[in-house]
Amino acid sequence: MKKTILGALTLASFGLPAMAQDAMEVTLGVLNDRSGVYADLSGEGSVVAARMAVADFGAADKNMTVEVISADHQNKPDIASNIARQWYDQDGVDAILDVPTSSTALAVADITAKANKLLIDSGAGSTSLTTDQCQPTTIHWTYDTAALAKGTGGAVTARGDKKWFFLTADYAFGHSLEGETMKIVGESGGEVVGSVRHPFPATDFSSFLLQAQASGADVIGLANAGGDTVNAIKQASEFGITQSGQSLAALLMFITDVHALGAETAQGLVLTEAFYWDHDDKTREWSARFEEEFGSKPTMVHAGVYSGTMHYLAGVEATGSTDGDVVAEWMKANEFDDPLFGKGYVRKDGRVIHDMHLYEVKTPEESTGEWDLYKLVSTIPGEEAFLPMEGSGCAFANEG
Amino acid sequence: MSVSDIQPGPNERRPATVGMPKLHMAIFAVLLIVLAVLPLLVYPVFAMKVMCFALFAAAFNLLLGFGGLLSFGHAAYFGGASYVAAHASKVWGWTPEASILVGTLAAALLGLLIGALAIRRQGIYFAMVTLAFAQMFYFFALQADFTGGEDGIQSVPRGSLFGIFPVDSNEALYYLVLAVTLGGILFLYRIVHSPFGQVLKAIRENEPRAISLGYRVNRYKLMVFVLSAAFAGLAGATKSQVFQLASLTDVHWSMSGEVVLMTLLGGVGTVFGPLLGATIVVTMQNYLASMGAWVTVIQGVIFVLGVLLFREGIVGVISKWIKRPL
Amino acid sequence: MFELLGIPPQVLMGQLLLGLINGSFYAVLSLGLAVIFGLLNIINFSHGAQYMLGAFVSWMLLEYLGINYWWALLLVPLIVGASGIILEKLALRRLYHLDHLYGLLLTFGVALIIQGLFRNYYGISGLPYQIPSQLSGGQNLGFMFLPNYRGWVVVASVIVCFGTWFVIEKTRLGAYLRAATENPTLVGAFGINVPLMIMLTYGFGVALAGFAGVLAAPIYSVNPNMGADLIIVVFAVVVIGGMGSIMGAIVTGFGLGVIEGLTKVFYPAGSAVVIFVIMAIVLMIKPEGLFGRNN
């Protein structure tokens with residue numbers, strides 16, 4: 001018996017050098033909303049983006065086999081945490097991508113830290129991911145509520161719309177978005193004349209819009225997302241709000257929402273995004289490829305999944321490991337310059353710093369194509385857009 | 001007015017205090033053996049989820065199948081207990097068994113408050129009152145600070161049982177959950193097959209007669225309501241320890257609908273029906289998760305077919321076939 | 001001008017009017033439910049899904065067949081009503097001899113099926129439906145700007161509700177119907193085809209849901225979930241009004257819309273719950289509902 005074991009071990013040890021040449025297996029899990037309010041801005045598109053990244057990275061040539069799987073968290077933290085847990089425990093997933101909806105992202109971040117894997121979040125907005133609930137294994141790629149507030153809030157107040165009224169979705173994300181923007185409005189010399197919270201989700205905004213109209217504000221800030229924002233804008237148009245001189249600021253809006261509304265209804269809206277397909281040649285080229293695979297133009301969330309995956313795979317290749325903390329260290333130590341976001345880097349607290357852009361929705365006359373919806377107003381440099389790391393409340397980042 | 005139009009089987013008229021029929025003992029024994037080795041075969045977290053829902057369905061069945069009362073708001077007790085237990089573990093740092101206990105008590109209390117008001121009405125009005133209160137509780141959970149609203153209560157620590165046995169690992173926690181679930185189901189079994197259970201049956205089948213015999217019917221109804229709520233709470237509190245999370249899904253009316261589905265599918269008024277129903281529904285949701293909204297369609301189809309063709313549920317049909325109560 | 005609890009009267013009047021508009025939807029939907037329950041003793045949990053079906057069919061008629069809103073107002077209730085008749089004939093009919101709760105469970109299952117199917121094919125983001133050009137724009141009433149379409153919603157709802165009440169309470173057809181539910185055998189003995197009446201009545205109740213769906217399509221986005229949360233509220237309305245009472249459903253629908261509107265002004269956080277609180281109170285004090293009769 002012992003001889004057999006010894007023999008087997010010897011044989012195995014001869015096999016070891018051969019094993020080092022075997023392909024490294026990496027499994028990526030795209031966890032997002034595939035059937036609900038955020039399905040259009042993330043959903044299957046993020047899976048396509050991840051696959052494009054794997055192909056462009058040339059995993060096969062580098063002796064790595066990368067598999068991409070996906071699941072629907074239905075915007076529920078319990079479902080998200082179960083899937084994440086199962087993926088790490090049972091299915092050998094090394095990194096989770098996307099995860100829109102802040103409550104789910106926070107749950108997944110927690111499970112990821114415990115499993116020592118990596119979460120590269122592109123879809124969620126809460127600053128908590130890199131402040132009070134930061135983890136060394138969380139990387140927050142695309143945008144957050146602070147950057148949106150800075151962009152939209154700051155720019156709109158600076159252009160002269162000083163009096164703000166907030167229409168806020170009554171849940172944690174809405175409150176945080178409202179809070180960040182109120183702060184920026186104050187700092188930019190504006191004034192908050194009122195606010196009202198609507199149930200989340202809501203279908204009828206008429207009574208809240210009426211209160212907004214009566215407040216005499218210059219601009220109505222919509223601190224909500226997805227279907228709520230789209231409905232609020234449609235109804236604002238119905239009630240003649242924009243026609244009578246008040247403007248609307250959508251604090252979180254994606255190209256897919258604008259596309260759903262149409263240029264007619266959405267014209268003049270000011271919003272902040274991290275990526276737009278028509279921004280420059282590189283984004284146009286990539287977006288055309290994306291559109292061929294998927295059927296519609298990419299959102300900034302899709303772009304974030306692509307970039308995040310590229311940088312992650314580079315890290316795995318360089319370090320030869322899929323341990324969360326190891327790859328995260330590499331990703332933070334190395335800057336990136338990618339066709340979608342330009343130059344950027346991953347900060348110690350997991351926040352990815354890159355430029356943000358302020359856009360205005362074109363009028364139907366200006367728009368030459370189905371997706372030709374934005375014109376660039378200004379660019380906010382990365383260093384200014386996001387919250388500073390000092391004093392942000394992230395324990396591990398501020399101590400070292 | 002009752003939902004259980006299941007004909008009593010030939011053995012149902014045996015006096016309740018003779019003891020558990022051999023068939024039932026055998027089934028429980030088999031279940032125990034299977035469940036004891038299950039973590040080696042399937043993902044323990046999945047198995048724990050099935051057990052928690054089996055207990056939830058069994059608790060609901062106590063009220064519907066044996067009490068004859070359809071509650072549309074059982075999620076309030078399930079989810080409410082989940083929140084309280086999660087809070088106890090996370091914020092007060094209590095050990096799992098203490099958290100589960102306090103969650104169960106909270107559910108019982110909630111059941112007492114709502115039940116006291118609901119039992120004053122019958123039939124569809126009773127169901128509507130339970131729904132109204134469950135909705136109010138849902139909106140309270142949505143707004144209140146301690147529940148964390150949309151985020152729920154996350155990162156609930158698992159701690160150590162009695163402060164001594166760590167239950168961090170899925171396997172260790174599994175056996176705790178197994179003990180709680182089996183214990184709960186056996187306790188429910190005992191309640192049903194007891195003089196109290198017999199009175200419940202009498203009330204369910206002919207309330208005016210029970211009143212004329214001198215039974216304080218409302219007291220019995222309230223008692224069964226509170227017990228049902230408490231055990232639903234036990235299931236919810238345990239679940240919060242397993243998933244280390246308590247969220248709005250647990251108090252939403254669709255959760256109330258799901259437990260009705262599980263019980264109906266398995267067999268209202270049977271002992272093993274809810275367990276089977278819960279297993280099927282949870283397994284289906286898990287393995288068909290990639291099919292997205294088709295799961296909802298399938299659940300709908302099961303409801304429709306169940307109501308039209310298999311009112312007794314799967315276990316009820318089996319029970320009829322072998323001519324023994326299950 | 002005076003302010004009521006800090007709210008200027010213009011805002012208050014505006015909110016009352018908006019509440020009335022929402023109340024129209026509650027009224028038409030709860031009317032359908034009340035017709036079905038009051039006359040047939042069926043608790044139609046699929047009412048929300050049938051409302052959603054109405055909105056979707058209107059969208060589909062426009063998108064695929066180019067049929068406009070005005071025709072949709074006529075065709076959609078017929079189409080949705082027909083689907084209701086099929087449901088009644090194939091499934092509901094078999095449950096009349098059982099406890100009401102089985103009807104409830106069946107229709108709940110049907111609602112899940114309809115919603116699941118639409119979610120699969122159409123996703124969850126709303127589909128757009130244009131307000132018909134004849135009704136676009138609005139009137140400046142001084143205290144608020146009232147979109148014409150919303151005014152039309154109130155008018156159309158009042159007409160339909162009043163019409164239905166009139167037919168049921170004041171015409172011979174209505175009398176047959178009410179008699180048939182009280183004593184089907186006797187009425188059948190008079191030569192009236194009772195099963196046919198029941199089938200048509202269910203179809204009519206469902207058609208009302210479809211009608212509400214058409215009204216909703218231009219202003220609320222057409223999406224598969226639009227009925228799901230609404231149905232719970234509408235049930236509360238029906239229970240408050242009295243489950244068998246036609247007038248009760250109509251009056252309570254409009255009334256609760258107004259109360260909800262007022263709550264949105266004074267205490268927005270409570271606006272989702274206020275109807276349930278009222279329902280619980282009414283059930284405690286007068287369980288047959290405000291206008292209900294004690295059967």
Side-chain angles (χ1 to χ4, degrees), chain B residues 1-5 64 68-70 72-73 114 116-118 120-140 142-144 252-254 256-258 260-261 263-264 268 291-309 311, chain C residues 37 41 43 45-46 49 87 90-92 94-95 97-124 224 228-229 232-233 235-236 238-240 243 269-284 287-289:
Chain B
M1 189 186 283
S2 76
V3 184
S4 48
D5 59 345
L64 178 60
L69 300 165
L70 174 62
F72 259 162
I114 294 180
L117 294 170
R120 292 164 64 185
R121 300 296 157 227
Q122 276 106 350
I124 186 64
Y125 298 108
F126 169 82
M128 285 298 167
V129 173
T130 58
L131 177 62
F133 281 112
Q135 279 300 93
M136 289 196 258
F137 189 76
Y138 172 80
F139 286 112
F140 161 73
L142 184 58
Q143 308 270 1
H252 191 256
W253 61 264
S254 54
S256 297
E258 265 185 37
V260 179
L261 176 68
T263 311
L264 186 69
V268 178
M291 292 176 71
W294 286 111
V295 181
T296 314
V297 178
I298 294 172
Q299 287 181 333
V301 171
I302 294 176
F303 252 111
V304 170
L305 291 178
V307 168
L308 287 177
L309 304 170
R311 270 186 292 280
Chain C
F37 185 79
N41 267 326
I43 297 152
F45 225 101
S46 47
L87 178 65
L90 291 179
L92 280 174
R94 297 163 203 250
L95 302 176
H97 60 288
L98 297 169
D99 197 291
H100 307 323
L101 297 170
Y102 282 111
L104 192 157
L105 292 174
L106 179 84
T107 50
F108 182 71
V110 169
L112 288 178
I113 296 175
I114 298 177
Q115 268 159 221
L117 285 175
F118 275 88
R119 260 179 50 204
N120 262 320
Y121 291 115
Y122 290 100
I124 226 167
D229 286 317
I232 305 274
V233 176
F235 264 113
V238 174
V239 170
I240 295 172
M243 289 185 72
S271 58
V273 205
V274 67
I275 291 186
F276 296 106
V277 173
I278 297 179
M279 173 169 121
I281 296 174
V282 168
L283 276 170
M284 289 303 125
E288 61 274 10

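Convention: sequence-line order gives letters A, B, ...; per-chain numbering from 1. The basis for the numbers below is simple: all heavy atoms, side chains too, and nothing from hydrogens, waters or symmetry mates.
Around the CZ atom of Arg121(B), the shell of radius 6.0 Å holds more than 12 heavy atoms that belong to other residues, nucleotides or ligands.
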Please set out all donor-acceptor pairs under 3.5 angstrom arising from side-chain atoms of residues 107-120 of chain C, sequence neighbours excluded.
{"residue": "Thr107(C)", "atom": "OG1", "partner": "Ile43(C)", "partner atom": "O", "Å": "3.0"}
{"residue": "Thr107(C)", "atom": "OG1", "partner": "Phe45(C)", "partner atom": "N", "Å": "2.9"}
{"residue": "Thr107(C)", "atom": "OG1", "partner": "Gly103(C)", "partner atom": "O", "Å": "2.9"}
{"residue": "Thr107(C)", "atom": "OG1", "partner": "Leu104(C)", "partner atom": "O", "Å": "3.0"}

Which donor-acceptor pairs under 3.5 Å do the side chains of residues 276-283 of chain C make with protein atoms, sequence neighbours left out?
none

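For Gln135(B), the part lying near chain C is the side chain, with the backbone staying farther off; criterion is any non-hydrogen pair under 4.5 Å. Interface remark: Val260(B) contributes side-chain atoms only to the contact with chain C (heavy atom separation under 4.5 Å). Neither the backbone nor the side chain of Leu261(B) comes within less than 4.5 Å of any heavy atom in chain C. Heavy atoms of Ala91(C) lying under 4.5 Å from chain B belong to its backbone as well as its side chain. Heavy atoms closer than 4.5 Å to chain C are found in the side chain of Phe139(B), but not in its backbone. For a residue to count as touching a neighbouring chain, one of its non-hydrogen atoms must lie under 4.5 Å from one of that chain's; by this rule Ile232(C) touches chain B with the side chain only.
With chain C as partner, the option from Phe140(B), Phe72(B), Tyr138(B), Trp294(B) having the largest number of non-hydrogen pairs under 4.5 angstrom is Trp294(B). Put simply, of Leu305(B), Leu142(B), Val301(B), Ile298(B), the one with the most heavy-atom pairs under 4.5 Å next to chain C is Val301(B).
Using a 4.5 Å heavy-atom cutoff, the side chains of Met128(B) and Val238(C) are not in contact.
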